Amino acid sequence: MDSFIIVALVAVCSLTAPAYGDKGTSKARSCSDIRQFYTGKGFPLEGVPQSEISGEHLRICPQGYTCCTSDMEDNLTTLSRREMEGLLKEAGRSLQTSLTGQYKIFDGYFLELLNHSSTSLQETFTTSWGSLYSQNSQVFTDLYTDIKHYYRGSNVNLEEVLNEFWARLLEKLFFQANKQYFIGEDYLECVSKQIETLRPFGDTPRTMKMMVTRTFVAARSFVQGLVVSGEVVRKVSQVQLSQECMRAMMKMTYCPHCRSMASARPCANYCSNVMKGCLANQADLNTEWRHLAETMMQVADRFDGPTGVESVVLSLPSRISEAMYTMMENIDTINSKLFQACGHPREGGTGRTGVDDSLKRGKVTVEDRLGSSKMDKLVSDVTIRLRDMQPYWVSLPSILCSDRVATGTGAEEKCWNGMSRARYLPEVIGDGLASQINNPEVEIDITKPDMTIRQQIMQLKIITHRLQNALNGQDVDFQDTSDDVSGSGSGSCADEICSRGPRVLTPITDQPKVYPLKPGNKGPTGSANQSLPCISIYLLPVLMLLLRR
């Protein structure tokens, strides 16, 4: 009987004996590896243990025998933050560079088309319309200046610009065609007011307004979409990560070094859960980010083809010339109607009109194509880039884990799971803040979303809404887009926008999965088991005495 009890107590004691390092040996191992690693990261060697010490002082890493002091743990946690935030900024810069590149290509080509169209008009009109153009060239110059300002984002009403152009052109051509009369400013003002009923330029103003408005609204909204999306990436990439995230990153990245397991790399699913917890708020950008990319691709699809950007911009000189020819060809009928509406002007003016000479030259033909079209390739390239960037915010965890996790045969059994080299048991959680209620690695209050990221979600909603308007040819104003959502974090916004904003999801009421408690700050550390002899040894003499009685 005595022998049986002794054997049982020894067995119990063996089960509760401490496990040292990676192999369970009771001999404290050398800390030479981490000493070299730690100084290689720029930290001083002073205070770094020569061999493993008891780890009750650790607040993040497992509290078994360790090569890390509290100061080392703090320093490596700070290093984790710096490295993680550097990786996020680098990934953001890469996407920003892509978006900026697409903006520069499209913007450069669109301005090239505008400049080519303006130059073409000047060259052909100087020859074909003579004094009718040279004496009124400012009207045409102002048109191109105004539509360029509109495209650039100035507070310009495009329809008013076009209406003003045709009204001024009517006044100038009427004046040039009737130099035999004394025509004052008041009379010309009366003339311009008759443009709607008189329609001296035929159907060209209406057709041109429709085509130019659709093209320029789409072009401006598109480049603004590229700019805003790049700004969203920049601002989100600079968001500071939470303390809970940094603790999780430290535990995953540098705690293996503290446990003398420098070669241990994180388990794939373990890394996924850490990164998804750290980037939970960023993942909530996904829905609106995808929506913006889809809408921008729809807008870009309108740029190519017979009614696309190239055709519309380069055909402006031909359309304007056609309208001028229509008026000059019917000048007698137009004069008769204007004289009835505004009164017959007093004769006595001087100078030749030059109208007959212009009509004798015939209709002006202006080249409305460049030597080679770039728009089809541009649209193809930008569509590929936009499609590639769609999953960006939810793919970040896998991107950041790709080069740090354990790989190869048997990796799942030998990877670092946060406590030791062993399989990682918890499942991979979902994306976004609401899913983090079940994250076993990062503690997050899902009721407190990051305000900077929420503001950027609102920005994506606003720019997408404007792009949708552009698809319908509706003019939009991009002035002060950065102020559409308050940057103060006050949460103030228009009722209509707030009502469509992201909801703060309530915690899931289903019973969450419960995983075996791991040693650390979240529960009993078990350090007594690892640093003290088995308590059964002390009970052995007492039990033996009782049995002998």
Side-chain angles (χ1 to χ4, degrees), residues 18-24 27-88 240-267 270-271 273-275 277-278 400-401 404-406 415-422 424 439-444 517-532:
Y20 297 99
D22 197 17
K23 298 180 179 179
K27 183 179 179 181
R29 293 181 298 184
S30 169
C31 294
S32 57
D33 287 346
I34 194 171
R35 287 170 64 86
Q36 182 178 356
F37 165 80
Y38 191 69
T39 55
K41 291 293 184 178
F43 298 113
L45 192 58
E46 182 181 358
V48 180
Q50 294 283 352
S51 59
E52 289 181 330
I53 60 176
S54 183
E56 292 91 345
H57 57 277
L58 297 177
R59 291 168 294 174
I60 298 175
C61 295
Q63 293 184 330
Y65 274 70
T66 181
C67 283
C68 287
T69 64
S70 295
D71 287 342
M72 292 173 65
E73 192 178 45
D74 291 341
N75 290 338
L76 291 173
T77 300
T78 301
L79 178 63
S80 296
R81 173 188 291 276
R82 189 164 62 246
E83 290 177 340
M84 178 66 171
E85 291 180 346
L87 288 173
L88 289 177
Q240 287 193 342
L241 299 172
S242 67
Q243 285 297 117
E244 292 77 9
C245 168
M246 289 304 95
R247 292 172 62 87
M249 285 298 301
M250 165 61 190
K251 188 175 183 181
M252 180 178 73
T253 307
Y254 292 123
C255 284
H257 291 270
C258 293
R259 295 294 302 274
S260 299
M261 303 180 199
S263 63
R265 296 171 72 84
C267 302
Y270 174 40
C271 184
N273 279 345
V274 171
M275 292 298 182
C278 287
L400 297 178
C401 284
R404 68 169 66 208
V405 298
C415 54
W416 172 253
N417 66 4
M419 299 303 298
S420 62
R421 285 180 184 266
Y424 182 73
N439 195 324
E441 307 305 332
V442 187
E443 293 182 358
I444 298 179
L517 188 63
K518 302 175 184 178
N521 286 351
K522 297 182 181 180
T525 63
S527 57
N529 284 344
Q530 295 174 336
S531 58
L532 297 176

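Positions are given from 1, in the same order as the sequence printed here. Small disclaimer: the values here were computed from a predicted structure and weren't measured.
Between the side chain of Glu244 and the main chain of Val442, no donor-acceptor pair closer than 3.5 Å is present. Proximity of a side-chain donor or acceptor of His257 to a complementary backbone N or O of Cys68 within less than 3.5 Å is not detected. Under the 3.5 Å distance criterion, the side-chain polar atoms of Glu73 are matched with a main-chain donor or acceptor of Ile60. Within the 3.5 Å criterion, the main-chain N or O of Lys251 finds a donor-acceptor partner in the side chain of Trp416. Judged by distance alone, the side chain of Ser80 and the main-chain N or O of Met246 form no donor-acceptor pair under 3.5 Å. Of the possible polar contacts, one joining the Arg35 side chain to the Val48 backbone as a donor-acceptor pair under 3.5 Å is found.
For Cys415, the side chain to side chain contact (heavy atoms under 4.5 Å, CB included) criterion is met by Cys267, Ala406, not counting sequence neighbours. Applying the side chain to side chain contact (heavy atoms under 4.5 Å, CB included) criterion to Ala422, with sequence neighbours excluded, gives Asn417, Ser420. In this structure, Gln36 has no side chain to side chain contact (heavy atoms under 4.5 Å, CB included) partners at least two apart in sequence or on a different chain.
No side-chain heavy atom of Asp33 sits under 4.5 Å from any side-chain heavy atom of Ser260. At a threshold of 4.5 Å between non-hydrogen side-chain atoms, the residues Arg421 and Ser263 count as touching.
Residues Ala248 and Val274 come closest through the heavy atom pair CB-CG1, 4.0 Å. The two residues Ser32 and Ser30 make their nearest non-hydrogen contact at N-OG, 3.2 Å. When all heavy atoms of Val405 and Cys271 are compared, the closest pair comes out as CG1-CB, 3.5 Å. Across Arg259 and Arg29, no two heavy atoms sit closer than the pair O-NH2, 3.3 Å. What you find for Leu87 and Arg404 is that their closest heavy atoms are CD1-NH2, 3.4 Å. Contact detail for Leu58 and Gln63: the closest heavy-atom pair is O-NE2, 2.6 Å.
Remark: Ile34 CD1 to Lys41 NZ distance equals 11.5 Å, nearest 0.5 Å. Between the CE atom of Met84 and the OG1 atom of Thr253 there is a distance of 9.0 Å, given to the nearest 0.5 Å. Atom OH of Tyr65 sits about 10.0 Å away from atom OG of Ser51, to the nearest 0.5 Å. With rounding to the nearest 0.5 angstrom, the CE atom of Met250 is 9.5 Å from the CG atom of Asn75. The line from OG of Ser70 to CD of Glu56 is 11.0 Å long, rounded to the nearest 0.5 Å. Here the straight-line distance linking atom SG of Cys255 with atom CZ of Arg247 works out to 9.5 Å at 0.5 Å rounding.
Using the six-membered ring where Trp is involved, Phe43 and Tyr38 have ring planes that are parallel, under 30° apart on the 30 and 60° scheme. Under the 30°/60° scheme for interplanar angles, the aromatic rings of Tyr254 and Phe37 are found to be tilted.
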Evaluation steps, side chain to side chain contact (heavy atoms under 4.5 Å, CB included), between Gln243 and Arg81: CA-CA 9 Å; Gln243 285 297 117; Arg81 173 188 291 276; 2.6 Å; yes
Could you walk me through whether Glu441 and Met275 pass side chain to side chain contact (heavy atoms under 4.5 Å, CB included), step by step? CA-CA 9 Å; Glu441 307 305 332; Met275 292 298 182; over 6 Å; no
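Between Cys258 and Cys67 the SG-SG gap reaches or exceeds 2.5 angstrom.
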